[in-house]
Amino acid sequence: MRSTLRELSDRVAAAMAALGLEGDPLVRPSTDPRFGDYQSNCAMGAARRAGGTPREVAEAILGKLDVADCCEPPDVAGPGFINFRLTPAFLARSLGRVPTAGEPGAERLGIDRTDHPTVVVVDLSSPNLAKEMHVGHLRSTVIGDCVARILEFQGHHVIRENHVGDWGTQFGMLVAYLRRTRPNVLDDLDRLVIADLEAFYVEAKSLFDRDEAFKKQSQETVVRLQRGDAETLRIWRAFCNESLRHCHAIYERLNVSLIDRGESFYNDLMPQVIDRLMRDGHARESDGALCVFCDGFQTREGAPLPLIVRKSDGGYNYATSDLATIVHRIETLGARRVIYVVGIAQKLHFDMVFAAARKAGWAGEGVALEHLGFGNVLSASGAPFKTREGGTVKLKSLMDEAVARARSVLESGGVIAAAGADEDAAADRPATGADAARAGMTSQEMDDIAETVGLAAIKYFDLQHNLVKDYKFDLDTMLALDGNTAPYMLYACARVRAIGRKAGIDFDSFCPEGGLVLEHPAEIALAKSLLRFAETIDQAAADLRPNVLTDYLYDLSKQFSRFYDRKQGVRVIDAEPPGVRVSRLRLCDLTARTLKLGLSLLGIRTLERM
RNA sequence: GCGCCGGUAGCUCAGUUGGACAGAGCAUCGGAUUUCUAAUCCGACGGUCGCAGGUUCGAGUCCUGCCCGGCGCGCCA
């Protein structure tokens, strides 16, 4: 099964070709329902290139166009738009082909995999070890995971690499500090916890900055580490293990899986990177540092801006290790596409690293290197996101707070118990079906739901925003039950699942007989939305834009709510005749499966009850 | 100083290689309720798309200049 958009595009392209017209068919979803479901904007451009008026060209294309199997006869409107209206018969036929439970491809709704699978590396999360993950790691982790899931769904072989900061001076500093001040800690490394490690780090850094002797001691420890001193390595490993344990506790809660491959992995590769650069004449010394100069990069004085790949003290820096990642990912992992999910502030750095990799010939034309940059997470007021004391906000505490707030939303029966809200409101509110569904829940079940809703809210809110912009982190908004939020969508999912239970049907083994009946406007609108899932994934993948997917899922949820609404919509469970009832239940099932699949591509779990 | 990224409704944000009268949510106001989970649905109100020029059949989108905000610009990552 392929997307309707692609199908129409191919048809228009064929018609254009038959007329000898060049150009993209420019088929898009219509901007307004009055203009149908899809429109082609190709006639205006084609007319300019080939002569004639746009409307004449559009009419000529219509003459060659065969879409009778899926659309009403298309018409030409305005300056030369071609408008397409899908027929209910086509909608019913297309959705009817979606595999039902147990059929091959059912879990992916019959959506085709790419014809050209490639190896894609996604570089995501990448926290520094010895410190707790903080709010700054949220976006890379969540966006990177989402992008990986989408590309994986398309059939690509995706490798998620967690480029953790597990090497460098901070570790020498930490070891030296503990040796000097708390040797007992080193005797019992099993008892080390991340909070201690971070506290020690802060103390060590402070000492490092004011005590020359300690600074020297730290640097000597770094050298010992680099030379592979067994005892120093043992301590370093313990630090890394504890840090990674902390990170993976968070990844597990966030439902993110990835491979740790820290900077230390590239220790042996970095000298080779340097050797190759020097051997091939791509790098030269400048002020004692080894540099690669690429065209188009300037310092503030207008001089050529170097990418420093070896510092004047002989040490490597992050440019070196990033180049090493490129070499490893292309030459060893076989990547044809490498996506670095890193804050937008580092754009220049990656532009330079990529340019250097091209110059060195490591990344040829067949390899794409992409920096998927994103903006900052700001506080609700728009200021930088800090604790009251001015420190960084721990990711774990952020997650815990969201979960706690989700729990209080659940307990108040859907009325947000925000500060200042009227606490009596919940008591006065009449009982609802949702209340009844929650009535028999244990505290444990409520906890589980709160965990899912709270974390879904954070992730969804992040992914819902355009990547390049900063956004304001606002728990009230992301946990709201109305609007484009995770709770709204999870609720829509839970509602559909409840319909199955109430109707006495197990959707997980639902293999309906007979075709879909699409007559009511709400049925047709829901069917159209369902059918747009495939093209939405295409677009989200092509542009690496998760918010394309969130916007779609919100639209689908909305269409479902209308479909199921007692005024605007249709009866389902008690619908007559039986064929109509089955058809509507099938639409419900397709909605739930589409939402579940779509949310899973965002890394969000769905709920049976809420 | 140079470069990059932003500026869209009171607020938070979408806006698909330029397409039809600029969209959604929140907030505000109004309507629907003996509930198939109303944690929902419908309606109203609300915009000089930062400003000024330009390109063209057509500009929130492209170009130029300016204003405001953020970030970056040789040995931290």
Side-chain angles (χ1 to χ4, degrees), chain A residues 24 26 28-32 34-35 39 41 44-45 47-48 53-54 77-81 126 128 165 168-170 263 286-291 297-313 315 317-319 321-322 343-349 351 373 375-376 380 409-410 413-416 430 432-438 464-466 468-472 474 476-477 480-485 487-488 490-492 494-499 502-503 539 542-543 545 547-548 550-551 554-555 558 561-562 564-569 571-575 609-610:
Chain A
D24 193 303
L26 291 174
R28 303 279 182 267
S30 289
T31 51
D32 188 305
R34 286 182 300 130
F35 305 135
Q39 62 186 51
N41 307 333
M44 283 79 83
R48 182 165 27 189
T53 70
F81 298 103
S126 308
N128 282 318
T169 49
Q170 74 263 31
E263 290 173 327
S286 170
D287 293 343
L290 191 69
C291 306
F297 300 99
Q298 291 193 336
T299 66
R300 71 184 73 194
E301 288 79 27
L305 179 67
L307 180 71
I308 296 175
V309 294
R310 192 182 64 202
K311 297 185 285 182
S312 52
D313 67 2
N317 61 8
Y318 74 136
S321 69
D322 279 334
I344 195 80
Q346 295 200 39
K347 185 179 187 320
L348 178 62
H349 165 70
D351 284 350
N376 297 313
V409 171
L410 286 174
V415 178
I416 293 187
T432 66
D435 292 323
R438 273 193 299 275
Q464 182 222 348
H465 288 87
N466 185 323
V468 303
K469 295 193 200 176
D470 295 348
Y471 76 83
K472 297 177 184 174
D474 183 352
D476 287 332
T477 303
L481 307 154
D482 298 322
N484 192 357
T485 66
Y488 177 89
L490 291 175
Y491 176 67
R495 259 175 119 188
V496 191
R497 299 296 293 182
I499 291 168
K502 188 106 176 185
Q539 199 198 335
D543 305 341
R545 280 191 353 197
N547 73 312
V548 169
T550 61
D551 286 354
Y554 179 58
D555 178 68
K558 196 102 185 148
S561 288
R562 282 178 189 150
Y564 198 59
D565 184 73
R566 72 169 65 98
K567 269 286 165 51
Q568 311 292 321
R571 302 301 295 179
V572 175
I573 295 172
D574 52 8
R609 293 166 209 273
M610 187 172 161

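Letters go in sequence order (proteins before strands), and every chain restarts at 1.
- Nucleic acid contact for A:P487: none, since no nucleic acid atom lies under 4.0 Å from a heavy atom of the residue.
- Comparing B:G23 with B:U8, their C1' atoms sit 10 Å apart, to the nearest whole Å.
- Of the candidate nucleotides B:U16, B:A24, B:C57, B:U16 has the atom lying nearest to any side-chain atom of A:P29.
- In this structure, of B:G70, B:A20, B:C42, it is B:G70 that holds the atom nearest to the side chain of A:D470.
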- Task: Map every base of RNA chain B to its dot-bracket character, where paired means a Watson-Crick or G-U wobble contact with both distances under 3.5 Å and | marks a partner outside the strand.
- Result: (((((((..((((.....[...)))).(((((.......))))).....(((((..]....))))))))))))....
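- For the pair A:G483 and A:G288, both in contact range of RNA chain B, the more 5′-proximal nearest nucleotide belongs to A:G483.
- Residue A:K311 has its side chain nearest to B:A77 when only B:U12, B:A77, B:A20 are considered.
- In this structure, A:A498 and A:K347 both approach RNA chain B, and ranking their closest nucleotides by distance from the 5' end singles out A:K347.
- For A:L26, whose side chain is taken as the heavy atoms from C-beta onward, the closest listed nucleotide among B:C71, B:U17, B:U40 is B:U17.
- The C1' atoms of B:U56 and B:C73 are separated by 38 Å, rounded to the nearest whole Å.
- In this model, a side-chain donor or acceptor of A:R28 finds a partner on the base of B:U17 within 3.5 Å.
- Residue A:V468 places its side chain closer to B:G6 than to any other of B:G6, B:G74, B:C41.
- The aromatic ring of A:F81 does not sit over the base of B:G19; the criterion of centres under 5.5 Å apart with planes under 30° is not met.
- Across all strands, A:T485 comes closer than 4.0 Å to no nucleic acid atom at all (heavy-atom distances).
- You'll find that the side chain of A:M44 is closest to B:G19, out of B:G19, B:C73, B:G25.
- Regarding contacts with the backbone of B:U37, every side-chain N or O of A:R566 stays at 4.0 angstrom or more from both OP1 and OP2.
- Residue A:Q568 places its side chain closer to B:C42 than to any other of B:A32, B:A20, B:C42.
- Here A:N547 lies in heavy-atom contact (under 4.0 Å) with sugar-phosphate atoms only.
- When the nucleotides B:G19, B:G6, B:C41 are ranked by their closest atom to the side chain of A:Y488, B:C41 comes out on top.
- The gap from the P atom of B:C63 to that of B:U17 amounts to 14 Å, rounded to the nearest Å.
- Candidate nucleotides B:C26, B:U37, B:G74 were compared by shortest atom distance to the side chain of A:R609, and B:U37 ranks first.
- A distance of 5.5 Å separates CG of A:N547 from CG of A:N466, quoted to the nearest 0.5 Å.
- The base of B:A20 sits within donor-acceptor range of the side chain of A:Q39, with an N or O pair under 3.5 Å.
- An OP1 or OP2 oxygen of B:U12 is reached within less than 4.0 angstrom by a side-chain nitrogen or oxygen of A:K472.
- Evaluation of atom-type donor-acceptor distances gives no pair under 3.5 Å for the side chain of A:Y318 against the base of B:C76.
- Distances shown here put a side-chain N or O of A:K469 below 4.0 Å from the OP1 or OP2 atom of B:A14.
- With B:G15, B:A20, B:C36 as the candidates, the nucleotide lying closest to the side chain of A:Y564 is B:C36.
- Nucleic acid contact for A:N466: sugar-phosphate only, since backbone atoms but no base atoms lie under 4.0 Å from a heavy atom of the residue.
- Here the separation of B:A52 from B:U48, taken at their C1' atoms, is 12 Å to the nearest Å.
- A:T477 comes within contact range of no nucleotide atom at all, as no heavy-atom separation falls under 4.0 Å.
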